[in-house]
Amino acid sequence: MAEDLVSTHSCSSHTLVAVSVGYFIHDFVDMLQNQKLLQSWELLFHHTVVITCFGISVLLHHYVGFAVVALLVEINSIFLHLRQILLMANLAKTTMYRVNSLLNLGTYVIFRISTLAWMTRWLVLNRENVPLLPYTIGSVGMAIMTAMNAVLFYRLLRSDFLKAARDVPSEKEK
């Protein structure tokens, strides 16, 4: 599968992507039922793109390897979700939150930014091996995910790191 992300896959990798589609559908429906649209529209849009791309992969039994690579991005979600839990528990000023912020940032760069960059590079380099429709869907999906992740990265930096720098009193204020 490492050599052919288009047509080679194992039963377990196909199952992983299929179960992931189910998770994203469930999470999508849960957000529609339990959150305000203004609060969740970005994540709903993200889930729509993922469900579409992964759904094509599952139904056609093609690009499963590419979808598995895309799931590496979700490793960072552990720290994004823990961040939300810590914020809801009013633990934003704790050492645990700070450590999680650093792990979140590190895994964001490794598993989100690097994976998305590699996937974009793969699409460009393999353009001639991918038919126009899947290439277009993949390219649009990658563009959307890259833009959304760039915005989220900026928000995390601003909230967890740049805000901390602003909160430290300068020499003039002391």
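Computed from a predicted model, the values in this text were never measured in an experiment. Below, all heavy atoms of this structure are taken into account, side chains as well, without hydrogens, waters or symmetry copies.
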Run the side-chain contact (heavy atoms from CB on, under 4.5 Å) test on Leu43 and Phe28 for me, step by step, so that the C-alpha distance in whole Å, both residues' side-chain angles and the decisive distance to 0.1 Å come before the verdict. CA-CA 8 Å; Leu43 209 48; Phe28 184 94; over 6 Å; no
Could you walk me through whether Glu74 and Phe111 satisfy the side-chain contact (heavy atoms from CB on, under 4.5 Å) test, starting with their C-alpha distance in whole Å, then the side-chain angles of each, then the deciding distance to 0.1 Å, before giving a yes or no? CA-CA 8 Å; Glu74 296 305 321; Phe111 292 106; over 6 Å; no
Taking Leu82 as the starting point, is it possible to reach Ile78 by hopping between hydrophobic residues whose side chains are less than 4.5 Å apart? no
Between Glu3 and Thr8, is a side-chain contact (heavy atoms from CB on, under 4.5 Å) present by the stated rule, with each step listed? CA-CA 8 Å; Glu3 294 174 12; Thr8 303; over 6 Å; no
With a sphere of 6.0 Å drawn around CH2 of Trp118, does it hold more than 12 non-hydrogen atoms of other residues, nucleotides or ligands? yes
State whether Arg98 and Asp160 are salt-bridged, where the test is any N-O pair (Lys NZ or Arg NE/NH1/NH2 against Asp/Glu carboxylate O) under 4.0 Å. no
Roughly how far apart are Leu16 CG and Ser10 OG, rounded to 0.5 Å? 9.0 Å
Interatomic distance, OH@Tyr108 vs OG@Ser101, rounded to 0.5 Å, equals 14.0 Å
Taking the side chain as C-beta and beyond, is there a heavy-atom pair between Thr146 and Ile113 under 4.5 Å? no
Distance col, row Leu91:CG vs Leu87:CG, nearest 0.5 angstrom, shows 9.0 Å
First locate atom CG of Leu44, then atom CD of Gln39, and finally report the distance between them rounded to the nearest 0.5 Å. 11.0 Å
How long is the straight-line distance from CE of Met148 back to CD of Glu42, given to the nearest 0.5 Å? 5.5 Å
I would like to know whether Val109 and Phe153 meet side-chain contact (heavy atoms from CB on, under 4.5 Å); could you show each step before the answer? CA-CA 9 Å; Val109 170; Phe153 187 67; 4.1 Å; yes
Value rounded to 0.5 Å, distance of CD1 in Ile137 from OG in Ser57: 12.0 Å
Test: Arg127 cationic atom under 6.0 Å from Tyr135 six-membered ring centre, within 45° of axis: yes
Would one find more than 12 heavy atoms of other residues, nucleotides or ligands at under 6.0 Å from atom CD of Glu128? yes
Taking C-beta and beyond as the side chain, do Thr120 and Leu123 meet within less than 4.5 Å on heavy atoms? no
Ser159 and Arg83 side chains, donor-acceptor separation under 3.5 Å: yes
N/O donor-acceptor pair under 3.5 Å between Ser13 side chain and His9 backbone: no
Could you tell me whether the side chains of Asn100 and Asn104 share a donor-acceptor contact shorter than 3.5 Å? no
Spell out, yes or no, whether Leu71 and Leu80 are grouped together once hydrophobic residues are joined by side-chain heavy atoms under 4.5 Å, including indirect joins. no
Could you check whether the rings of His47 and Tyr23 sit parallel, tilted or perpendicular, using 30° and 60° as the cut-offs? tilted
Take atom CG of Asp4 as the centre, draw a 6.0 Å sphere, and report whether it contains more than 12 heavy atoms from other residues, nucleotides or ligands. yes
